[in-house]
Amino acid sequence: MSKLQPARGTRDIYGDDARHMRAVTDAFQRVAASYGFEELATPIFEFTEVYKRPLGETSDIVSKEMYSFESSAREAGDKEPEELTLRPEFTAGVCRSFISNGMQQNLPCRFMSWGPAFRRERPQKGRYRQFHQINAELLGQANPEADVDIIAMAWRLLNELGLGDKVVLHLNSLGDQESRAQYRDDLVTYFSEHKDELSEDSIRRLESNPLRILDSKDEGDRAIVANAPLMSASMNDESKAFFETVQAGLSAIGVPFKHDERLVRGMDYYCHTAFEFITTELGAQGTVLAGGRYDGLIEQLGGPATPGIGWAGGIERLAMLSMQGTQPDRPVMLMPMGEAATIKAFELAEDMRSAGATVISDRTGNLKKRMNRANKADARYAVILGENELENSVVTVKNLDEGSQTEVPFSALAAAVTSGGGEA
RNA sequence: GCGGGUGUAGCUCAGUAGGUUAGAGCGCCAGCUUGUGGUGCUGGAUGUCGCCGGUUCGAAUCCGGUCACUCGCCCCA
């Protein structure tokens, strides 16, 4: 075993892993495009402020999980050092881009993005320090129908990945800002009365994030949570109506969901709809796709008040669950023997590629070795060009599935290897 | 960041009353087959036993540290 390892929480992605992940992003791009989403590729790092402001100084992400650094490349012409951060999530960067480019002229905006994100957490299965997400954001629509659309899109994607029966949609509403603030107060009041019964973690949450106590895994906490006031009790009429519409819409298009009163969101800018698609097959990393509405975020970043809703999916987690992947095209292995044949083979290879074939030229070793490699590469044909063939302007085409072989004139080769399995 | 488990060949793993040259399967290489793969037969090589240090006449095995992975917590996709 080599001492040279990738940095903690990172890994090399190749082979089946790469194919499975590609299947997820391919399906995502296809599905999102069918809902009118267009690609927005934001930089992989931003000014630290972009993440710090909306997430809050005290949030776990900002205080201990961000990869931040100071760039001071004076040689490159930078006058002042810049505080930069590798993106820990997509939403803040997308909203920054929306503001930077004056996109409020063009509402509503539907953006799809994908790629790596970085968080310095303790690695676990399905949780990496460099991980990959697919991300969808819909900006400029305050109506609950938008929430239905974007959840429907997620549901369609999950089904295309064959995960319809492996995930459960947990759905909740945090209400509007007023309702949410009210609920928070109600919870603090209630939990403060039971403070001495709460776990250490939850006493801390009482200050930092009281809503999080609701999904505590501590046994003692759960007993107290069971009698805690419900979000729905604190919601005003507008918020109730909003949530009713979302649920009715999902029912109308047949998206199954479970109203989960204990599903919450950490950041303050979240409101109304919150949802998570959860599986039981990945241990503690059960959330494979999650999102919600964030009507206050863009304004908080200094842009024009613009409502937004979106979600992010973990590509690693989705890939691990679905295990789908397209195999590469079966290649034609071209085997020129000798110098003159090698030159001729360049031309034949390009002819076959022009006709749509995948061609690999194997120029080294004896024929036995090359046939062996052809077999490992799962080639459909081996094309042999030796001195005998060269003299007669033919190649020997061997069908590796059937074991049969025939001689084919140069001019007929491209057609022979692209005729779809038919013997030449 | 906190707590538990694991680390032996490319891969999956055996290997404890500490004892000489550390094993299996798969894969890999070679030959049977000098211009022909897959299945078969024969043979071969796998390796700082994660790393560093300690105990011991002697450590893959016991102890400490460290790194990585893994399970849970925190948090989250």
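All values below were derived from every heavy atom in this structure, side-chain atoms included, with hydrogens, water molecules and symmetry-related copies excluded. On a predicted model such as this, the values are computed, not experimentally measured, just so you know. Protein chains get the first letters and strands the later ones, always in sequence-line order, with residue 1 at the start of each.
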Could you check whether [X] gets within reach of a base, just the sugar-phosphate, or nothing at all, counting any heavy atom under 4.0 Å?
X       : answer
E316(A) : nothing
F90(A)  : nothing
E200(A) : nothing
R127(A) : base
E276(A) : nothing
R120(A) : nothing
I134(A) : nothing
D218(A) : nothing
A290(A) : sugar-phosphate

Across all strands, who's sitting opposite [N] as a Watson-Crick or G-U wobble pair, both distances under 3.5 Å?
N      : result
U34(B) : none
G72(B) : C2(B)
U66(B) : G50(B)
G19(B) : C57(B)

Pairs of donor and acceptor atoms involving the side chains of residues 341-348 of chain A, under 3.5 Å and at least two apart or interchain, shall be tabulated with distances.
residue, atom, partner, partner atom, Å
T342(A), OG1, G338(A), O, 2.7
K344(A), NZ, E347(A), OE1, 3.3
K344(A), NZ, E347(A), OE2, 3.2

Provide the full list of salt bridge (Lys or Arg N to Asp or Glu O under 4.0 Å) pairs with a residue in [range], sequence neighbours left out, each pair given once.
range                       : result
residues 182-203 of chain A : D201(A)-R204(A)
residues 126-144 of chain A : E121(A)-R127(A)
residues 141-151 of chain A : D147(A)-R293(A)

Where the side chain of D201(A) is defined as all heavy atoms beyond and including C-beta, which of U70(B), U36(B), C74(B) is the nearest nucleotide? C74(B)

A correct 5'-to-3' footprint of nucleotides 38-43 of chain B, with B, S and - meaning base, sugar-phosphate only and no protein heavy atom under 4.0 Å, is B-----

Sort and list the pairs that fulfil ring-ring contact (aromatic ring centres under 6.0 Å, His included) and have at least one residue in residues 4-34 of chain A, not counting sequence neighbours.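 Counting only pairs at least two positions apart or across chains, the ring-ring contact (aromatic ring centres under 6.0 Å, His included) contacts touching residues 4-34 of chain A are F28(A)-W311(A).
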
For residues 176-211 of chain A, the ring-ring contact (aromatic ring centres under 6.0 Å, His included) pairs (sequence neighbours left out) are Y190(A)-H194(A)

Please write out each protein N/O paired with an N/O of nucleotides 2-4 of chain B under 3.5 Å, distance rounded to 0.1 Å.
residue, atom, partner, partner atom, Å
C2(B), N4, R122(A), NH1, 2.5
G3(B), O6, R122(A), NH2, 3.2

Kindly list each side-chain donor-acceptor pair under 3.5 angstrom involving residues 154-165 of chain A, sequence neighbours excluded, with atom names and distances?
residue, atom, partner, partner atom, Å
R156(A), NE, Y35(A), OH, 3.4
N159(A), ND2, W155(A), O, 2.8
E160(A), OE1, R30(A), NH2, 2.9

Residue-level proximity of residues 7-28 of chain A to RNA chain B when a heavy atom falls under 4.0 Å: R8(A), G9(A)

Considering only nitrogen or oxygen atoms on both sides, find all protein atoms under 3.5 Å from nucleotides 25-27 of chain B and state each distance.
none

Considering residues at least two apart in sequence or located in another chain, which fulfil the side-chain contact (heavy atoms from CB on, under 4.5 Å) criterion with D329(A)?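 For D329(A), the residues satisfying side-chain contact (heavy atoms from CB on, under 4.5 Å) (neighbours in sequence not counted) are T358(A).
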
